[in-house]
Amino acid sequence: MNHLPVLPVLVPLVTGALLLLLERRHRISVQRIWAWLGMLAMLAVSVTLLVQVQREDMLVYLLGDWPAKLGITLMVDRLSALMVLTTTLLALPCLMYACAGWDKRALHFHALFQMQLAGLNGAFLTGDLFNLFVFFEVMLIASYGLLLSGARGARIKAGMHYVVFNIAASVVFLMALGLLYGMLGTLNMTEMAARIAAAPPERTMLIHAGAGLLLLVFCAKAALLPLYLWLPEAYARAPAAVAALFTVMTKVGLYAILRVYTLMFGEAAGPLANLAWDWLLPAGAATIVLAALGVIGAPRLRIGVAYLVLLSAGTLFVAFSLANPGAISAGLYYLAHSVFVSASLFLLADIIQRHRGSNGDYLMPIASMPNKTLPAALFLIAAVSIAGLPPLSGFIGKLQLLNSVPEAQLAWIWAVILGSSLMTIIGLSRSGTRLFWRIDSETDHEAPPVRRAEIGAVVLLLAYGIAMTVAAGPVLRYTNAAATQLLDVDTYIQTLRQTDPQIREPSP
Amino acid sequence: MKRRMLPSIPQSLTVFAFWLLMAQDVSPGNVVMALLLAWLMPLLAARLEREFARLGRLRGGFRLIGRLLVDIVIANITVARQVLGPESRLRSQFVWIPLDLTNIHGISALTSVITLTPGTVSAELSEDRKYLLVHCLSTDDPQALVAEVKARYEAPLREIFP
Amino acid sequence: MTIIDIAIIVGMHVVGLAMLLSLWRLLRGPTAPDRILALDTLYISAIAQLIMFGMLLDTEVYFEAALIIAMLGFVGTVVLSKYVVRRDIVE
Amino acid sequence: MSTVFEIVVIFLLAVGCFFTLLGGVAMVKLSDFFRRVHGPAKASTLGVGCVLFASIIYHWVNGSGVHPREILITVFLFLTAPISAHLMSRAALSLMDDRPPHPDRTPDADEKVVDREDPAPPERQ
Amino acid sequence: MEFAIATAIGVLAASGIYLLLRARTFDVILGLTLLSYATNLLIFAAGRPVVGKPPVLRDGVAQTLANYSDPLPQALVLTAIVIAFAMTAVTVVVAMREHADLHTDHVDGEEPDDAARGGDR
Amino acid sequence: MLELLLALPFVLALVVALSANASRRTHAWLAGLVPLLGLTLLGLLAGDVFDGSILKTQYAWIPEAGLDFSLRVDGLAWTFALLVLGIGGLVVLYGHYYLSAKDSPRRFFTYLLLFMGAMLGMVIAGNLLLLAVFWELTSISSFLLIGFWSHRQDARQGARMALTITGMGGLALLGGVLLIGRIVGSYDLDTVLASGELIRASHLYPWALGLVLLGIFTKSAQFPFHFWLPHAMAAPTPVSAYLHSATMVKAGVFLLARLHPALAGSELFFYVVTSVGAATLLVGAWFAIFQHDLKGLLAYSTISHLGLITLLFGLSTEMAVVAGLFHILNHAMFKASLFMAAGIIDHECGTRDMRRLGNLRRLMPATSLLAIVASLAMAGIPLLNGFLSKEMFFAEALEIGGHGTMRTIVSIAALLAGVFGIAYSLRFVHDTFFGKGPRALDVVPHEPPRWMRIPVGVLAILCVVVGIVPALTIGPLLHTMVRGTLGAAAPEFSLSVWHGINLPLLMSIASVVLGVALYFGLRRLLDFHAVVTRSIGRNVFQLNVEALFALARRFTARVANGSLQRSLFLMIAIALLLAGTPMLGGTFELLATLGRPQPLPVVGWVLWAVLVAATIGTVVVHGKRLTALIVIGAVGLAVSLIFVHLSAPDLALTQLLVEMVTIALMMMALNYLPKQSKVSRRPLRKARDIAIAGVAGGGLAVLAYAMMMSPADTISSELLVRSLPEAYGRNVVNVILVDFRGFDTFGEIAVFGIAALVVHALLRWARLKPDEVIPGPPAQLPIAADLTQLLFPLALTVSIYLFLRGHNAPGGGFIAGLVFAVPVLVKYVLQGARAVEATFGFDYLRGIAIGLLLAVLGGVGSWWFGVPFMTSGHLDLDVPLIGLLPLASALVFDTGVYVVVFAGTLLMLSTMGTVKHRQAAEEAR
Ligand code: NA
Ligand code: NA
C-alpha cells in the first residue's frame with residue numbers, strides 16, 4: 001500500500017503538533033531543529049510524489065478504504081503534485097528567513113507554520129469538495145495566526161479586514177456546498193462531474209447557482225477584481241516570512257478554480273460547460289490593469305509587491321480562462337515562478353525596511369541605506385523576473401502565455417499582458433532607483449547586521465527562478481502534461497471508478 | 001492518604017449510581033466502569049474543589065426531601081392563584097432571613113430550597129454570610145415567613161450540614 | 001393515534017405557547033435580567049418540548065439533548081448575570 | 001396500556017404543561033423582575049419535572065423499556081434552576097435603585113439611577 | 001415545512017448580511033453568526049429534512065432513506081458549526097485587539113472622519 | 001567556440017563582481033580580457049566568415065516555446081561583434097583612466113561587461129526569440145550604466161526614461177517576434193530569413209512589422225522616441241561612447257539589417273521606415289546645432305545619423321543597405337572617438353558647456369587634433385570615412401525609383417541634413433577648440449594621460465585611413481557584412497573616394513557651403529548662449545509619467561481604501577450576480593413544477609416564530625450589545641430545536657454546546673469593547689444595505705426551497721447500509737464523522753486547535769483595557785459555586801458517557817469534549833481564574849498537541865494492516881469478568897478529537913478570561 005498521498009498533510013501536521021509539545025520546555029533552537037526535520041521530510045515527500053505522478057499519471061488514495069464516492073478521496077495528479085512541491089519549495093526559504101529571528105517574537109510561530117502547510121497541501125490533494133473547504137479553513141486559520149501572532153496596531157487592522165472577508169467567503173462556500181450536495185447528492189468532485197454531465201435540465205438552474213457561488217468564493221480567495229481589496233494591506237502588513245508564504249495563498253484559489261471548473265464544469269458538463277471562463281477572462285484582464293496601477297501608485301515597496309502578487313493572479317486568471325492546454329501549462333509555469341519571485345520580493349522588502357531605519361520601505365522620503373549592494377543586486381534580479389523581462393522565469397511564463405492566446409483574442413490580451421509588463425518596469429524602476437540610488441552609503445544610522453539566513457532565503461528563492469529558467473524545457477514539458485491531463489475529464493472519472501478499496505467491497 | 005485517593009465518598013457513590021442509571025445496564029462491564037469512574041471523577045473534581053461537603057446525620061435529609069416535594073406541589077398551586085389573579089393584590093417585598101447555618105453547603109441547600117418552594121426566591125447572601133435576602137411574591141407577615149423557613153428547612157439542614 | 005398521543009400533542013402546543021410568552025418577554029425587556037430570565041425560561045421549556053417529542057416518537061434519541069440542556073443550559077444565565085453584576089466574567 | 005396509566009400520564013402531562021405555561025404567563029403578566037422570576041424559577045421547573053415523570057411512566061408502560069435515567073434530567077434541573085434564579089436575582093439587585101439595606105447597616109445615600117436596559121456602574125453616569 | 005425552513009434561511013441570511021455590512025466589529029460578528037446559522041440550515045436542508053427519523057440505526061428497521069433522514073448533511077453541518085465557532089473566536093479576539101490597539105471598534109480600525117483627515121502617509 | 005565567445009563577458013562580469021578587494025587596475029585588466037580574448041576568437045572565426053559561410057551552434061532550451069539556444073555568426077554578426085568587442089576594448093582602456101577615485105570600478109566594469117555580453121548575444125543570436133532576450137538584456141544593463149552616478153538626479157531620471165522607452169520597445173519587439181513565429185512556425189533565423197514572401201503575405205504582417213519597428217525605433221532613438229538618448233548622456237562618458245554611439249543604439253538598425261530579407265520589400269515598410277528615418281535625421285541634426293553641452297550635441301547628432309541609417313534601410317535597395325551598413329561602421333568610429341574626446345575635455349576642464357569652453361587647441365593640441373579630425377568625419381568632409389557613406393546616401397536618395405514625391409522629399413531632407421551636419425560639426429569644432437576661452441574654469445586644462453588619448457587616436461586614425469583607402473581597409477569587411485545581410489541578393493560594389501563629378505558630389509559641396517553659412521548666419525542672428533534648448537519629447541514623457549503615477553496613486557487610494565464594508569458589499573453584490581444570473585430565467589417555471597411541501601404542525605411554526613422574531617429582534621437591538629447577545633441566544637436555541645425536530649439530535653447537541661461556549665466568549669470580549677454601537681448617520685447607506693440584504697435573503701430562500709423540493713439523489717443510502725456492518729456504529733452521523741469522512745473531522749480539529757492557538761497568541765502579551773471597570777472586590781458567588789460542586793463530577797461522567805456511546809447514540813468526541821469543558825468554564829466564572837488554575841493545572845497547549853497526535857495515531861494504525869489511513873478496525877475484546885468489550889479503532893481517533901476540543905475550548909476561554917490577571921502580573925514585574 002502506497003501511503004504517499006496522505007503524507008503531505010500528515011507530515012506537517014505531526015511536526016506542528018510536536019513543535020507545540022516542545023514549545024514550553026525547550027529552547028528555540030530545539031524547535032528549529034524539529035521544524036527543519038519536518039521540512040526536509042516534507043521535501044522528500046513532495047519530490048517523491050512528483051516522481052511517482054510522472055510514472056503513474058495519477059495516484060488515488062481512498063481514505064478509510066471506502067469506495068471513492070462514500071468517503072474522502074485524495075487524488076494526486078500532476079497538477080496537485082506540482083502545487084505541493086511548489087509550496088514546499090516556497091516554505092523552505094520562508095522558514096529559513098523566519099529562523100533568523102521572527103520565530104522568537106511570534107508566539108506559536110513554528111506550529112502555525114506547519115499547520116499552514118498541512119492546510120495548503122490538503123487543499124491541493126483532496127478530491128472531495130467539502131474536504132477542500134475544510135482544508136481551506138485549516139489553511140486560513142493558520143494564516144490568521146501567522147499574520148496576527150506578535151502583531152500590533154496597523155497589522156491588527158489589516159488582520160481584521162482579512163479575517164472577516166475570508167470568513168464571509170467561507171460562509172458563501174458552505175452555501176454553495178449545500179446547494180451542490182442538495183442537487184447532486186455527493187461531494188466527490190469526480191463523481192459530481194459525472195453527475196453534472198448527466199443532470200436533467202430542470203436541475204441546471206440550481207447547480208448553476210451553486211457553481212456561481214463557488215466561483216465567487218474561489219475568486220475572492222484568489223483576489224480577482226473586484227474582490228481583491230483585502231489583499232494589499234494584509235500582505236503588506238504581514239511579517240516578511242509570512243507574507244512570502246502567503247504568496248501561495250491566492251494561488252490556492254486559482255488552483256481550486258482550475259480544478260473545479262475543468263473537472264466539474266468542463267467540456268462535458270452539458271449546458272453548464274465552461275461556465276466560469278467567460279466571466280473570468282475579462283475580470284482577469286481588468287485585475288491585471290488595476291494591479292498594474294497599484295504597482296505604480298504604491299507608496300511603499302511592500303504594497304507594490306502585494307500588487308505584484310495581484311498582478312500575477314490576474315495573469316493566471318487570464319491564462320486559465322483561455323482554457324487551452326498551452327495556456328494552462330504556461331499558467332502553471334508562471335504560477336510557480338510568481339510564487340517564488342514575489343516571495344523573494346517580500347523578504348527583500350523586509351531587509352530593506354530594516355536597513356533604512358525609520359523610513360521603512362516608504363518610497364517617498366529620501367533615505368540612505370547602508371550595505372545596499374547585495375540587496376540591490378537581488379532586487380534587480382527579482383524585479384527583472386517579475387516584470388517578465390528576459391531571460392528569467394517571468395519572461396518564459398509570459399512568453400508561453402502569449403504564445404497560447406488564440407488569434408481571435410490576440411490583440412487585447414497581448415496588449416494587457418505586455419502593457420502590464422511595461423507598467424511593472426516603470427513601477428519597479430522607480431522603486432529601485434528611489435530605494436537604492438538616492439544617496440551614497442554614508443548614513444545617519446547604524447547599519448543593522450545582514451543576517452546570513454535572510455539573504456540565503458532570498459538567494460534560494462531567486463535560485464528557484466533561475467533553475468526554472470535553465471530547466472525551462474523539462475518544467476514546461478511537465479506543465480504541458482499536467483494541463484493535458486487536467487482537461488481529460490473522462491480519464492479522471494474512469495480512474496476513480498476503477499479504483500477499488502483494498503479490503504472493502506466496492507460500491508455497487 | 002484516604003483523602004488523596006478518595007476525596008469524597010458521597011461523591012463517589014453519586015457517580016457510581018449515576019453511571020449505572022445512565023447506562024441503564026448493570027452488566028459487569030458497566031459496574032467496572034462505574035467503579036472506575038466513581039474513583040476517578042471525584043479525583044478530577046478534587047482538583048477544582050477547595051472543600052467537599054461534610055455530611056452529618058442524613059436521616060433528616062430524606063424527611064426533608066419528602067417535605068419539600070409536598071411543599072413544592074402545594075405551594076405551586078398558591079403561586080398559580082396569585083399569578084393568575086389580579087396583580088394589585090400581590091404584596092411583594094424583600095425579607096432578610098437571619099441565618100443560623102454557618103456551613104456553606106447548608107446555606108446553599110437552603111437557598112435552593114427557598115427558591116424551589118413557591119412564593120420565595122432567594123436573591124442574595126450577605127457578604128458576612130449571616131443573612132439571606134429573600135423576595136416574597138406576596139406576604140403580609142414577613143416575620144412569620146422567616147420563622148417558617150427557619151423551622152421547616154433550616155433546622156433539618158443544620159443536622160445534615162453541621 | 002391514541003389519546004395519549006393527543007395529550008402529548010396538546011401539551012406540546014401548550015408549551016409552545018409558553019415559549020411564545022417567553023419570547024415576548026425576551027424581546028420586550030425592559031431590563032437585562034428580564035431578558036436573561038426569558039432566555040432561561042425558553043431553555044427550560046425546550047426540555048419539556050424535547051421530552052414530549054421523545055414520547056410522541058417513542059424514542060430515546062432526544063434524551064442526551066434534554067440532559068445537556070438541563071445540566072448545562074444555565075451556563076448562559078450564569079455568564080450573562082455575572083456580566084451584569086461585574087462586567088468581568090472571570091475574576 | 002392500561003387506563004390507569006393513561007390517566008396518570010395524561011394527568012402528569014396536564015399538570016406539567018399547566019405549570020410550564022404558568023411560568024410563561026407569570027413572566028408576561030407581572031410587572032417587576034422579582035415578581036416575574038417566581039414563575040420560571042419553580043413553576044416551570046415543576047412543570048418540566050411532571051412532564052419527565054409522565055415520560056418515564058409512558059416509556060416504561062408503552063414497551064420501550066424503563067428509562068429511569070430521565071430522572072437525571074429532573075435532578076439536574078433541580079440543581080441548576082436555583083443557581084440560575086440566584087444569579088439573575090443578583091444581577092437584578094445590582095441594578096436596583098433602592099436595594100434592600102443590609103439589616104446591620106444603614107442605607108447608602110449616594111445610590112443613583114442606572115440604565116436598566118444595559119447597565120453601567122453608577123459612578124460612570 | 002419546506003416553506004418555513006426556506007423563509008427561516010432567508011430571514012437569517014438577510015439579517016446576517018445587513019449586520020455584516022455595519023461598520024462596527026461587534027455588529028459584524030453578530031452578522032457572521034446569523035449568516036452561519038443560515039448556512040447550516042441550508043446545508044441541513046440539502047438532506048431533505050423530515051420529522052422524527054434520526055439517523056441512528058435501530059434493529060429491524062430497513063436501512064434506507066425512507067426510514068432515516070440523510071446523515072451526510074448533518075455531519076457536514078457539524079463540521080461547519082465547529083469551524084464557524086473557531087472563526088468566531090478568532091474574530092472576537094481580533095476585535096478586542098483592534099479596540100485595544102487602535103482605540104476604535106470601527107471595522108477599518110479608524111473612524112471614517114479620521115480617514116478623511118488623512119490616513120497613511 | 002561561439003559559446004565561448006558569448007560566455008566570456010558574462011563569466012568575467014561575475015568574476016569582477018565577486019572580486020571585491022581587487023585593485024582598480026585588476027578590475028580593468030579583468031574587464032580588458034574580454035575584448036582581448038574575444039577579438040582573438042573572432043580572428044579565428046574570420047577565415048570562415050569571410051569565405052561566406054555561416055557558423056552555427058544550437059542547443060535545445062525551451063523547445064515548447066521554440067526558443068533554442070542557438071548562435072549564428074555570419075558577416076553581419078561578425079562585423080557587429082567586432083564593433084562590440086573592438087570599441088569595447090577601447091572603452092575599457094579609456095574608462096580605466098576616466099573613472100574617478102570615488103567611482104567603484106568593480107560596479108562599472110561589471111555593468112559594462114554585462115552590457116557587452118548582452119550586445120554580443122544579441123548580434124550572434126541564431127534564434128529570433130533569443131535575440132529578443134538579449135535585446136532586453138541590453139536595455140537592463142544600459143539602465144544600470146546610465147544610472148551609474150546614481151546620486152545625480154539627471155542620471156536617475158535618464159536611466160529610468162531610457163529603460164521605460166527601450167523596455168516598451170523590447171516588449172513590442174517580443175510581440176512582433178512572436179507574430180513572426182506564428183507566421184513562419186519557427187524562430188530559427190535561417191528559416192525566418194528565408195520566409196520573407198510568406199511573412200509579407202500574411203494578414204499578420206502589418207502587426208508584426210509595426211511591433212518590430214516599434215522595438216527598433218525606440219532602441220535606435222528614432223523620432224518621436226528620440227528624446228531618451230540626450231538624457232542618457234548623464235551616464236559616464238565611456239558609456240556614452242560605447243552604448244550611445246557605437247553599439248546599443250545600433251541594435252535597432254542592426255535588427256533592421258538583420259530582418260531586412262524577411263520584412264523589407266513592402267510599400268508599408270518603405271513608407272514607414274523611410275519617413276521615420278527622414279524625420280529623425282532632420283530633427284536630430286537641427287537640435288544638435290543648439291546644444292550647449294558637448295555630449296548633448298553629440299547625442300543629437302547621433303540621433304540624426306541613426307535616422308540616416310534608418311532611412312537608408314527604408315529605401316530598401318541593395319545599395320542603400322550597403323550604404324546603411326557602411327555608415328554604421330563609420331559612425332561608430334567617429335562618434336565613439338568624439339565622445340571620448342568630449343569626455344577628456346570634461347575630465348580636464350570640469351565642464352562640457354561650450355559656452356565656457358574655447359581655444360582648447362592651445363592647451364591640449366593633440367586631443368584637439370584628433371577631435372577635429374573626427375568632427376570633420378562626422379561632417380562628411382572628403383578623405384574621411386564619413387564622406388564616403390554620406391555620398392552613397394545622397395546617391396541613393398536621388399535614385400528612389402517609382403516614388404516621385406518621396407524622392408523629392410528624401411532628397412531635400414538629405415541635403416538639409418548635410419547642411420545641419422556641417423553646422424553642428426562646425427559649432428563643435430569652433431566653440432571648443434577655437435575662438436576665445438576657456439572661461440571661469442576651476443582648473444587649467446592640459447593633455448590627459450597618454451592611455452586615455454590612445455583610444456581616441458586609434459579611432460581617428462581609422463577614420464582617416466578608411467576615408468582615404470576604403471577599398472583596401474574596410475572593403476572586405478563591408479562585403480562580408482553585406483553578404484551576411486542580404487545573402488544571395490548582395491550587390492557587387494566597389495568603394496572608391498572619387499566617383500567623378502556627379503550630383504551627390506555637388507550636394508556635398510552645397511551642403512558644406514550652406515552649412516558654414518548657416519552656422520555663421522545663425523551666430524549672427526542669435527546669441528547661441530541665450531538659446532534655451534528644451535526637449536519637448538522629454539517634457540511630454542515626464543508629464544505623462546507623472547500623470548500616470550498620480551492617476552495610479554489616486555485611483556488606487558480611492559478604490560482600495562481599506563474599507564471592509566466596501567469589500568463585503570462587493571462580495572455580496574457579486575454573489576447576487578453570479579447566483580442570480582442563472583435564476584433570472586426560469587425560476588417561476590421551476591417553482592411551478594415543484595410538488596407540495598410537507599405540512600408543518602403548529603409547534604413547528606412556534607419554533608419558526610421564535611427563530612424569526614429573535615433574528616429580527618437581534619437586528620433591531622444590535623446597537624445595544626448585551627441585549628443583542630441575549631436575544632441572539634434565542635436564535636441559537638431555536639436552531640437547535642429545529643435540528644431536534646428534524647431528526648438531527650447530534651446537531652442539536654453540538655449547536656447547544658457551542659452556543660454556550662460562544663456566549664461566554666462574547667461576554668468576555670464585550671468587556672473589552674464599547675458597550676454600544678455608535679449611531680451611524682447614513683440613512684441612504686442603511687437603505688441600500690437593507691435592500692441588498694433583502695434581495696440576497698430572498699434569493700437564498702428561493703434556492704433553498706427549490707432545492708428541498710427537488711427529488712434527492714444521494715449516496716447516503718449506501719452509508720446507512722454500510723455503517724453498522726463495516727464501521728460498527730449505529731449513529732450514522734458519528735460514523736461519518738469518525739470514519740466515512742473522518743478526514744474532514746481531522747481537518748476540523750486542526751482548525752479548532754489552531755483557533756485556540758491564535759486566540760492565545762493574540763492575547764498572551766496583549767494589553768487590554770476594559771471598557772469600564774466596576775469598582776469593588778471580585779463578586780463572591782459562594783452559593784452558586786457550592787451548587788456546582790455536585791454538578792461537576794456528574795458532568796464529567798456524562799462527558800465520558802457521551803464519548804463512549806457516541807458511535808451508537810448521539811454523542812461522540814466533539815460533544816463530549818465540550819461537555820467536559822463547559823463545566824470547567826462555569827468553575828472559572830464562579831470561582832475565579834486564579835482558584836481554578838492554581839488547582840486544575842492542565843496545560844491546554846500541550847493538550848491540543850497531544851490530541852492532534854492521538855488523532856493521527858488513530859488513523860495511522862491502519863497502515864500496519866496494509867490499508868489506507870483511517871481505515872477503521874474492530875476488535876471484540878473478551879475480558880474475563882466483564883465480558884465482550886467492543887473496541888473500534890475509531891475510538892483512538894475520537895479520543896484525539898475529545899482532547900483537542902476540551903483543551904482548545906479551555907485554552908480560548910481561559911486566555912480570554914485571564915487577560916486582566918496576566919496584565920496585572922506583567923505590571924507587577
Ligand atoms: Na467533522
Ligand atoms: Na456525534
Side-chain angles (χ1 to χ4, degrees), chain A residues 1 6 14 17 20-21 62-65 69 71-72 107-108 115 131 134-135 137-138 141-142 144-145 148-149 161 165 168 182 185-186 205-206 208-209 212-213 215-216 226 229-230 232-233 293-294 296-297 389-391 399-400 402 414 418 421-422 425-426 429 433 437 440 472-473 476 502, chain F residues 62-65 133 136 150-151 156 160 163-164 167-168 171 175 178 549 552-553 555-556 560 562 564 567-568 570 574-575 578-579 582 586 590 703 706-707 713-715 718 739-744 747 750-751 754-755 757-758 761-762 764 846 849 852-853 856 863 866-871:
Chain A
M1 183 74 212
V6 76
V14 169
L20 202 56
L21 267 185
L62 303 175
L63 286 156
D65 205 31
K69 64 177 178 180
I72 292 172
L107 199 56
H108 308 314
M115 297 295 184
N131 198 237
V134 171
F135 278 102
E137 296 306 302
V138 175
I141 196 134
Y144 304 156
L148 294 170
S149 186
H161 192 131
F165 183 83
T186 177
M205 185 192 103
L206 285 167
H208 194 165
L213 290 178
L215 186 63
L216 164 81
L229 299 175
W230 59 272
E233 273 291 306
L293 281 180
I296 285 185
L389 291 182
L399 175 68
Q400 278 297 74
L402 294 174
W414 276 27
L418 291 174
S421 274
L422 180 63
I425 293 173
I426 295 175
S429 65
T433 48
W437 278 4
D440 272 331
L476 281 170
Q502 300 269 306
Chain F
I62 314 173
E64 285 72 16
V133 167
E136 283 288 35
S150 58
H151 53 281
R156 292 195 301 269
R160 273 170 54 194
L163 181 69
T164 306
M168 176 180 77
L171 293 169
L178 286 176
F549 276 116
R553 218 172 13 247
F555 183 79
T556 307
L564 176 64
S567 278
L568 293 172
L570 285 171
I574 305 273
L578 287 175
L590 180 69
L703 284 175
M707 175 182 74
D713 171 23
T714 165
I715 49 117
E718 207 179 330
D739 202 330
F740 286 113
R741 300 185 63 88
F743 207 52
D744 274 349
V751 170
I754 300 167
L757 292 186
V758 177
L762 265 168
R764 181 74 183 81
R846 309 188 84 205
L852 285 174
L853 290 175
V856 175
W863 288 0
V867 286
F869 187 67
M870 292 193 118
T871 307

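Letters A, B, ... are given to chains in the order of the sequence lines, protein chains preceding strands, and every chain is numbered from 1. No experiment lies behind these values; they were computed from the predicted model shown.
At a threshold of 4.5 Å between non-hydrogen side-chain atoms, the residues F/Ile754 and A/Tyr144 do not count as touching. Side-chain contact check for A/Pro226 versus F/Ile574: some heavy-atom pair is nearer than 4.5 Å. Using a 4.5 Å cut-off on side-chain heavy atoms (C-beta onward), A/Asp65 and F/Pro868 make contact.
For A/Gln400, the part lying under 4.5 angstrom from a heavy atom of chain F is the side chain only. Interface residue A/His208: backbone and side-chain heavy atoms are both found under 4.5 Å from chain F. Both the backbone and the side chain of F/Leu757 come within contact range of chain A, judged by heavy atoms closer than 4.5 Å. Both the backbone and the side chain of A/Val14 come within contact range of chain F, with heavy atoms under 4.5 Å apart. The part of F/Leu762 that comes within reach of chain A is its side chain, from C-beta onward, which places non-hydrogen atoms under 4.5 angstrom from that chain. F/Phe555 touches chain A through its side chain: at least one heavy atom from C-beta onward sits under 4.5 Å away, while N, CA, C and O do not. For chain F, the nearby part of A/Phe135 is the side chain; its heavy atoms alone come within less than 4.5 Å. Contacts between F/Val867 and chain A at a heavy-atom distance below 4.5 Å involve backbone atoms as well as side-chain atoms.
The two residues A/Ala17 and F/Ala849 come nearest to each other via the heavy atoms O-CB, 3.3 Å. Annotation for A/Ala209 and F/Ala579: closest pair CB-O, 3.8 Å, computed over non-hydrogen atoms. Between A/Gly473 and F/Pro63, the shortest heavy-atom distance links the atoms CA-CD, 4.4 Å. Closest of all the heavy-atom pairs between A/Leu216 and F/Ala575 is CD2-CB, 3.5 Å. Taking each heavy atom of F/Val758 and A/Gly145 in turn, the nearest pair found is CG2-CA, 3.5 Å. Closest of all the heavy-atom pairs between A/Val138 and F/Gly747 is CG2-O, 3.4 Å.
To the nearest 0.5 Å, atoms CE (F/Met168) and CG (A/Leu418) are separated by 12.0 Å. A distance of 8.5 Å separates CZ in A/Phe165 from CG in F/Leu570, rounded to the nearest 0.5 Å. Between the CD atom of A/Glu233 and the CG atom of F/Leu564 there is a distance of 12.5 Å, given to the nearest 0.5 Å. Rounding to the nearest 0.5 Å places CG of F/Leu163 at 10.0 Å from OG1 of A/Thr433. Interatomic distance, CG of A/Leu293 versus OG1 of F/Thr556, reported as 5.5 Å (0.5 Å rounding).
Counting heavy-atom pairs closer than 4.5 Å to chain A, the top-ranked of the candidates F/Asp713, F/Val856, F/Thr164, F/Leu590 is F/Asp713. Ranked by heavy-atom pairs shorter than 4.5 Å toward chain F, the options A/Leu62, A/Ile72, A/Leu107 are led by A/Ile72. The most heavy-atom pairs under 4.5 Å with chain A, out of F/Ala65, F/Ser567, F/Ala560, come from F/Ser567. Interface remark: of the candidates F/Gly167, F/Gly742, F/Ala706, F/Ala706 forms the most heavy-atom pairs closer than 4.5 Å to chain A. Per-residue heavy-atom pair counts under 4.5 Å with chain F were compared for A/Ser429, A/Gly182, A/Gly212, A/Gly71, and the maximum is reached by A/Ser429. The candidate from F/Val133, F/Leu568, F/Ile715, F/Asp739 with the greatest count of non-hydrogen atom pairs under 4.5 Å with chain A is F/Ile715.
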Walk me through it: do A/Met115 and F/Leu852 pass the test side-chain contact (heavy atoms from CB on, under 4.5 Å)?
CA-CA 11 Å; A/Met115 297 295 184; F/Leu852 285 174; 3.5 Å; yes
Requested in this report: Step by step, work out the side-chain contact (heavy atoms from CB on, under 4.5 Å) result for A/Leu399 and F/Ile62.
Outcome: CA-CA 11 Å; A/Leu399 175 68; F/Ile62 314 173; 5.6 Å; no
Would F/Leu703 and A/Leu206 count as a side-chain contact (heavy atoms from CB on, under 4.5 Å) if you check the C-alpha gap in whole Å, the side-chain angles of each, and the deciding distance to 0.1 Å?
-> CA-CA 7 Å; F/Leu703 284 175; A/Leu206 285 167; 3.3 Å; yes
(Q) For F/Leu853 and A/Leu21: C-alpha separation, side-chain torsions, deciding distance, then whether side-chain contact (heavy atoms from CB on, under 4.5 Å) applies. (A) CA-CA 10 Å; F/Leu853 290 175; A/Leu21 267 185; 3.7 Å; yes
